[in-house]
There are 2 protein chains.
Amino acid sequence: MGEGIRSDSLLYLTDEQLRQGIEAMYFAYRGFTADPDRILESMAYGRAHHRAIHFINRAPGTTVTNLLAILGVTKQSLNRVLRTLIEDGLVESRVGTSDRRERNLYLTEEGISLENRLSDAQRARMRAAFRDAGPDAVSGFRQVLESMMDGELRRQYKSLRENGQ
Amino acid sequence: MGEGIRSDSLLYLTDEQLRQGIEAMYFAYRGFTADPDRILESMAYGRAHHRAIHFINRAPGTTVTNLLAILGVTKQSLNRVLRTLIEDGLVESRVGTSDRRERNLYLTEEGISLENRLSDAQRARMRAAFRDAGPDAVSGFRQVLESMMDGELRRQYKSLRENGQ
DNA sequence: TTGGAGTGTCAACAAAGCTGACGTATTGTG
DNA sequence: CACAATACGTCAGCTTTGTTGACACTCCAA
């Protein structure tokens, strides 16, 4: 306190800067979910359905337990969402081959089609933001977000990333 | 398509990179809310109470209508939250001086104390992430988030920023 | 064969959003 | 002054998405 500005400038760590970061996160997340939400509300679906569809698409054949770990909800909560998606023919649940207790989840054609609509909308906004900000800013964005994750979530995030490419 | 890598490298705009950005946003937001959520669940409060407390603290004396605009919820929804906060003595609602229809909202001592606990926890995580990533990354983080906001939200975000400093 | 893991389902409940309708106090306008 | 509009609060009812707790079934492995 009252020691003036350090030569290596830690001004970006002031409470005011941190508060701006917090508010930026809050408002940006609302923008981030706005486009898919608009598409979903025209059907009988919500954000929970989007998340399930997203991660099933990302890791086809994933089990219910694995999905539970990624989404961090109870199986009762996930099951309600999953049931409607299966009934509506967007998701297929196949009995596991090696372990027949498990259910492997896949998107149907129709499920893939909805996933594409949703992620196209979300990617469009992300792409615009990335392009506006440029590659260096994007790198910083990714770095800060990764540091902000909880340990277990970061592990899952990284494991998904390896999966993708 | 199939034209190879451009010399100015737009590789950071590939669908895979965008998808990683989307997932980073999802996992980071969960980390972002985790600490306050833990504090809140020990009381009878939720995220909605936190948001109200945050923005009342940020703009003391703000009106209900203004808070509605910032939070983007209905007055019925906000009122439920606000009522419990007033009953519990965390928020004070004073009749407006110039316009007696308005209610100016303030945190009480107790309200300020809770706000501090919540934002200390949230800032600690943000500070750690900022420090890990460094000033340039933080600048990029802020830039991308701002681009990701909807027009109206961006306006509100900037107006809050002017207010703060 | 038996214990435990993975899965699904029933019931009951809570938080936090929504719409619609209505009442009251206050203010601004014609 | 009369009246419309604004700001706020509240009642009732509904939805989504989360929670616990209890229980049953299938199937794997010791």
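Because the structure is predicted, anything quoted here is derived from the model rather than measured. Basis for what follows: all heavy atoms, side chains included, without hydrogens, waters or symmetry-related copies.
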Distances for protein N/O vs nucleotides 1-6 of chain D N/O pairs under 3.5 angstrom?
| residue | atom | partner | partner atom | Å |
| --- | --- | --- | --- | --- |
| D:dT6 | O2 | B:Arg101 | NH1 | 2.8 |

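- Counting to the nearest Å, the P atom of D:dA7 and the CG atom of B:Leu105 are 14 Å from each other.
- As a whole-Å value, the separation of B:Leu67 CG from C:dA16 C1' is 15 Å.
- A salt bridge links B:Glu16 with A:Arg58: at least one charged nitrogen is closer than 4.0 Å to a carboxylate oxygen.
- Position along DNA chain D of the nearest nucleotide to B:Leu82 versus A:Thr74 favours B:Leu82 as the more 5'-ward residue.
- Classification of the A:His50-A:His54 ring pair by plane angle, with boundaries at 30° and 60°, yields perpendicular.
- Rounded to whole angstrom, the span from the CD1 atom of B:Ile86 across to the C1' atom of D:dG9 amounts to 10 Å.
- Taking atom CZ of residue B:Arg100 and atom P of nucleotide C:dT26, one finds them 5 Å apart after rounding to whole Å.
- A:Leu105 pairs with exactly one of A:Leu82, A:Asn57, A:Asn66 by the side-chain contact (heavy atoms from CB on, under 4.5 Å) rule, that one being A:Leu82.
- OP1 or OP2 of D:dT17 lies within a sub-4.0 Å distance of a side-chain N or O belonging to A:His49.
- Side-chain contact between B:Ile53 and B:Leu114 is present, with at least one heavy-atom pair separated by less than 4.5 Å.
- Residues A:Leu18 and A:Tyr12 have side chains not in contact (no heavy-atom distance under 4.5 Å, counting atoms from C-beta outward).
- A:Lys158 is linked by a salt bridge (charged side-chain N to carboxylate O under 4.0 Å, His left out) to A:Glu146, counting only residues two or more places apart in sequence or in another chain.
- Atom-to-atom distance recorded for B:Asn104:CG and B:Thr62:OG1 is 8.0 Å, nearest 0.5 angstrom.
- Nearest heavy atom pair, residue B:Thr108 against residue B:Gly89, reads OG1-O, 2.6 Å.
- Within a heavy-atom distance below 4.0 Å of DNA chain D, no residue of residues 31-42 of chain B is found.
- Salt bridge B:Glu92/B:Arg94: present, at least one basic N to carboxylate O contact under 4.0 Å.
- Of the residues in residues 87-94 of chain B, none lies under 4.0 Å from DNA chain D by heavy-atom distance.
- Here CZ of B:Arg127 is found 12.5 Å from CG of B:Asp132. Values are rounded to the nearest 0.5 Å.
- For the pair A:Met43 CE and D:dT16 C1', the computed distance is 17 Å after rounding to whole Å.
- Ranked by how close their nearest DNA chain D nucleotide is to the 5' end, B:Thr63 and A:Ser77 are led by B:Thr63.
- If you check every strand for non-hydrogen atoms under 4.0 Å, B:Ser98 touches sugar and phosphate atoms only.
- For the pair A:Arg117 and A:Asp120, the salt-bridge criterion is not met [side-chain N within less than 4.0 Å of a carboxylate O].
- The CG atom of B:Leu78 sits 14 Å away from the P atom of C:dT19 (whole-angstrom rounding).
- The phosphate of D:dG18 has OP1 or OP2 within less than 4.0 Å of a side-chain N or O from A:Arg51.
- In this entry the distance linking CD of A:Glu102 with C1' of C:dG8 reads 15 Å, nearest Å.
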Can you pull every protein N or O that's under 3.5 Å from an N or O on nucleotides 10-14 of chain D?
| residue | atom | partner | partner atom | Å |
| --- | --- | --- | --- | --- |
| D:dT10 | OP2 | B:Asn79 | OD1 | 3.0 |

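- Computed from coordinates, the A:Asn66 CG to C:dA5 P distance equals 18 Å when rounded to whole Å.
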May I have the list of side-chain donor-acceptor pairs in residues 28-42 of chain B shorter than 3.5 Å, sequence neighbours left out?
| residue | atom | partner | partner atom | Å |
| --- | --- | --- | --- | --- |
| B:Arg30 | NH1 | A:Ile70 | O | 2.7 |
| B:Arg30 | NH1 | B:Tyr26 | OH | 3.1 |
| B:Thr33 | OG1 | B:Tyr29 | O | 3.2 |
| B:Thr33 | OG1 | B:Arg30 | O | 3.3 |
| B:Thr33 | OG1 | B:Arg47 | NH2 | 3.3 |
| B:Asp35 | OD1 | B:Arg38 | NH2 | 2.7 |
| B:Asp35 | OD1 | B:Arg125 | NH2 | 3.1 |
| B:Asp35 | OD2 | B:Arg125 | NE | 2.8 |
| B:Asp35 | OD2 | B:Arg125 | NH2 | 3.3 |
| B:Asp37 | OD1 | B:Arg47 | NE | 3.4 |
| B:Asp37 | OD2 | B:Arg47 | NE | 3.2 |
| B:Asp37 | OD2 | B:Arg47 | NH2 | 2.7 |
| B:Ser42 | OG | B:Ile39 | O | 2.6 |

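- One finds no salt bridge joining A:Arg161 and B:Glu23 here, because no Lys/Arg side-chain nitrogen approaches an Asp/Glu carboxylate oxygen to under 4.0 Å.
- Contact record, A:Ala137 with B:Gln143: CB-OE1, 3.8 Å, taken as the closest heavy-atom pair.
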